[in-house]
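Everything below concerns the one structure shown next.
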There are 2 protein chains.
Amino acid sequence: MVSDAESAPVFAKPVTLREVAAAAGVSVATASKALNGQGRMTADTRERIREVAQRLGFRPNHLAQSLLRRRSFTVGLLTNDTYGRFSLPLMAGVSDALVDNGVSVFLCNVEDDLRLGQLHVEAMLDKRVDGIIATGKRVDRHLPVDLSNLRVPVVYAFTQPDAGAIGLVSDDAGGARLAVEHFCRLGRRRIAHVSGPSSFEVVNTRADAYRAVLEENNLAVSEPLLGAWSEAWGHEAVARLFGGRGERPDAIFCGNDQIARGVIDALRERGVGVPDDVGVIGFDNWEIVAEATRPPLTSVDMNLASLGREAGLALLSLVGGQPAAPGIRKLPCRLVVRQSCGRPPGG
Amino acid sequence: MVSDAESAPVFAKPVTLREVAAAAGVSVATASKALNGQGRMTADTRERIREVAQRLGFRPNHLAQSLLRRRSFTVGLLTNDTYGRFSLPLMAGVSDALVDNGVSVFLCNVEDDLRLGQLHVEAMLDKRVDGIIATGKRVDRHLPVDLSNLRVPVVYAFTQPDAGAIGLVSDDAGGARLAVEHFCRLGRRRIAHVSGPSSFEVVNTRADAYRAVLEENNLAVSEPLLGAWSEAWGHEAVARLFGGRGERPDAIFCGNDQIARGVIDALRERGVGVPDDVGVIGFDNWEIVAEATRPPLTSVDMNLASLGREAGLALLSLVGGQPAAPGIRKLPCRLVVRQSCGRPPGG
DNA sequence: CTGAAAGCGCTTACAG
DNA sequence: CTGAAAGCGCTTACAG
């Protein structure tokens with residue numbers, strides 16, 4: 001006999017239904033039915049079997065059940081967002097929605113590697129996932145994997161869907177409207193827009209919404225300033241907006257929080273007061289940034305966790321055989337008001 | 001007959017080994033052996049069966065295989081770090097190491113909710129995971145789940161392990177040494193340390209290493225300034241260090257990158273040059289912060305992706321029945337040099 | 001009211 | 001060299 005300390009730990013084998021049945025003095029069939037509330041038997045027998053199962057710590061083997069049911073109660077979650085700023089809240093949302101429905105989630109990090117992507121997809125299919133959720137770091141790019149003609153349903157969230165598939169994205173135009181309309185309500189009249197590169201679809205979507213709101217409010221539209229998604233570009237944009245002789249904005253709607261952070265820092269360095277002289281609103285509501293700016297940043301939140309939840313539920317209903325209209329579903333954003341945008345005139 | 005556009009898509013049933021066998025005119029047993037390279041048969045038969053399998057797109061059902069093998073080639077990854085700054089790279093590392101070994105990873109977000117934690121653990125056990133990796137956002141806190149006496153091996157990474165279990169963490173003392181020794185080599189002589197709250201174990205570990213290196217180099221030790229993990233605290237610490245009449249530091253080692261960011265901004269606002277007058281080094285190497293500071297921040301990287309890889313491999317070897325010494329294993333950090341720390345005297 | 005049988009999709013001794 | 005049989009752990013018609 002080996003001493004406990006020296007040997008590798010030995011893990012107890014799970015107890016099987018057969019053992020429960022034997023201990024209760026019934027057949028496996030009866031034991032199964034008792035535990036699943038199926039079939040007819042005396043309340044007494046059923047109760048006795050349940051007690052035995054409980055006492056032995058019986059837990060049904062899902063592998064066996066899945067084999068019978070032809071459903072594994074498992075889905076795969078593909079992402080190429082290692083950095084995780086966007087996909088982590090989304091993944092958490094997916095996972096929460098699914099675990100409540102008894103479904104587990106396989107995490108598949110595909111980076112931008114085609115080979116790795118195929119590898120993961122095949123592994124998932126071999127494990128008989130009920131469906132797949134694809135997510136990424138960019139709404140207008142397709143993951144580097146082919147998910148068409150799979151044997152299981154696929155839902156896309158925050159990444160470009162295949163033709164004929166279901167995709168969930170945030171309503172970027174609506175989000176931009178939220179920000180610009182908020183400025184209008186606060187009485188700001190010269191609202192500028194500083195955003196990322198025009199190669200991003202969202203940049204154009206948000207810029208169009210920005211223009212539309214200004215026109216609806218009979219305000220002058222100044223051409224959006226487009227650059228990088230960085231603090232440095234925020235600084236530079238402020239230099240352009242405040243460096244010349246032209247009229248200066250009293251509000252700046254930024255394409256993301258990093259740009260907004262750069263803008264706020266640059267304004268302070270110039271002695272321009274935020275929010276008194278200039279209001280600033282960002283996009284993404286990345287808390288770590290939004291709460292560190294001085295003053296804290298008002299920002300548009302894309303509700304990514306809800307997006308994830310919805311994606312999870314949509315997949316579940318597809319798995320359940322419910323028909324669902326293909327196409328892109330846009331979910332609303334919300335404005336998280338902090339101190340960088342100012343209070344209403346009378347407030 | 002319903003039109004394709006209207007009906008829910010129908011997903012093809014996977015082809016089974018039985019169908020392959022029938023198509024090849026052999027028994028399932030022979031088909032199985034042919035595909036697995038087991039048994040003895042003419043190279044010809046084997047090849048023919050393989051071709052048929054290939055042509056039909058046969059992929060073995062892992063649920064069935066797992067049932068037989070008593071191994072699901074699946075592990076669970078528990079985390080309570082929804083924000084993901086630390087756990088996401090770690091999770092990516094785990095996932096990479098395991099997928100290379102044909103093992104898939106269940107993502108389990110347990111937040112700080114005990115009920116949710118138990119729920120996930122039970123779901124994983126029911127799905128017959130081969131093992132569990134627990135990870136968190138804080139090295140000195142235990143996840144809110146009881147993982148002792150499970151039927152499967154558990155490895156802890158970047159979170160507090162149970163007694164007798166295996167835990168992987170970064171070598172924080174070593175990481176701090178890397179930073180402070182780097183300053184020493186650069187000829188800095190008055191090195192300050194600004195860090196987070198002393199309720200975090202790492203704060204004390206790093207502070208002790210800081211003191212030790214200074215003593216080894218016969219430099220004056222100034223008492224570490226402890227506060228919050230925030231930019232605001234970085235600002236305040238600079239006010240304390242540079243506001244009085246005392247001797248001013250020529251280098252500041254910060255407990256994280258956000259503090260370092262605050263420190264650098266505050267120094268600039270005071271007209272103190274970084275790195276010429278004062279060198280600054282952060283901790284975490286959180287790229288989004290480290291690359292946005294002006295100048296870009298030199299920082300200690302905890303190599304979390306490697307930590308994840310190691311955790312994955314450690315779990316695999318436990319699953320394989322290899323004995324492994326319990327206890328905490330510390331993995332080295334590395335210093336990522338950017339421009340905030342200065343060049344060597346002669347450089 | 002309860003149990004024997006068949007089967008989910010595969011693998012692995014064991015015969016022939 | 002190939003196949004029939006038993007079995008992984010469970011469920012579900014079907015008898016009795």
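All chains are named by letter (A, B, ...) in the order of the sequence lines, taking the proteins before the strands, and each is independently numbered beginning at 1.
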When rounded to whole Å, the CG to C1' distance for the pair B:L63 and C:dC8 reads 10 Å
| field | Phosphate-side-chain proximity, A:Q65 and D:dT11, N/O vs OP1/OP2 below 4.0 Å | value | yes
Between B:K33 and B:P60, whichever has its closest DNA chain C nucleotide further toward 5' is B:P60
Here the distance between atom P of C:dC10 and atom CG of A:D126, to the nearest Å, is 10 Å
Applying the 3.5 Å cut-off to both distances, the Watson-Crick or G-U partner of D:dA13 turns out to be none
Practice problem: Check the pair A:H142, A:T159 against side-chain contact (heavy atoms from CB on, under 4.5 Å), reporting the backbone distance first and the verdict last. | Solution: CA-CA 6 Å; A:H142 199 283; A:T159 189; 5.7 Å; no
query: Are OP1 or OP2 of C:dG7 and a side-chain N or O of B:R18 less than 4.0 angstrom apart?
result: no
*Scan A:T16 against the nucleic acid and name what it touches under 4.0 Å (heavy atoms): base, sugar-phosphate only, or nothing.*
sugar-phosphate
A:R69 CZ to C:dG7 C1', in whole Å, measures 15 Å
Residue pair B:T42/A:P14 against DNA chain D: nearer the 5' end by closest nucleotide is B:T42
Between B:T45 and A:R59, the residue closer to the 5' end of DNA chain D by nearest nucleotide is B:T45
With the side chain defined as heavy atoms from C-beta on, A:Q38 is closest, among C:dG3, D:dT12, D:dC10, to D:dT12
To the nearest angstrom, the CZ-C1' distance between A:F58 and D:dT11 comes to 11 Å
Under 4.0 Å, heavy atoms only, any strand: does B:S66 hit a base, just the sugar-phosphate, or nothing? nothing
Looking only at D:dT11, C:dT2, D:dA4, the nucleotide nearest the A:S32 side chain is D:dT11
Check: Does the side chain of B:N36 get closer than 4.0 angstrom to OP1 or OP2 of C:dT11 through an N or O atom?
Finding: yes
Query raised in the report: So, A:D146 versus A:S148: side-chain donor-acceptor pair below 3.5 Å or not?
Result: yes
Do the side chain of B:D113 and the main chain of B:L116 share a donor and acceptor less than 3.5 angstrom apart?
yes
Atom CG of A:L68 and atom C1' of D:dG9 are separated, to the nearest Å, by 9 Å
A:L17 atom CG is separated from D:dC8 atom P, nearest whole Å, by 13 Å
Anything under 30° is parallel, anything over 60° is perpendicular, the rest tilted; go ahead and classify A:F158 against A:F86.
tilted
Would you measure the distance from the P atom in C:dT2 across to the matching atom in D:dG9 and give it in whole Å? 26 Å
Exercise. A:M124 and A:K127: side-chain contact (heavy atoms from CB on, under 4.5 Å), yes or no, with the steps?
Worked result: CA-CA 5 Å; A:M124 285 158 46; A:K127 295 219 158 102; 5.8 Å; no
Separation of D:dG9 atom P from B:K127 atom NZ, nearest Å, is 19 Å
Exercise. Does the side chain of A:T30 get closer than 4.0 angstrom to OP1 or OP2 of C:dG3 through an N or O atom?
Worked result: yes
So, A:K137 and A:D112, do they make that salt bridge, N to O below 4.0 Å? yes
A:R48 atom CZ is separated from C:dC1 atom C1', nearest whole Å, by 12 Å
B:A29 has its side chain closest, among C:dT2, D:dA5, C:dC10, to D:dA5
| query | Can you check whether B:R70 has a side-chain N or O nearer than 4.0 Å to OP1 or OP2 of D:dG9? | reply | yes
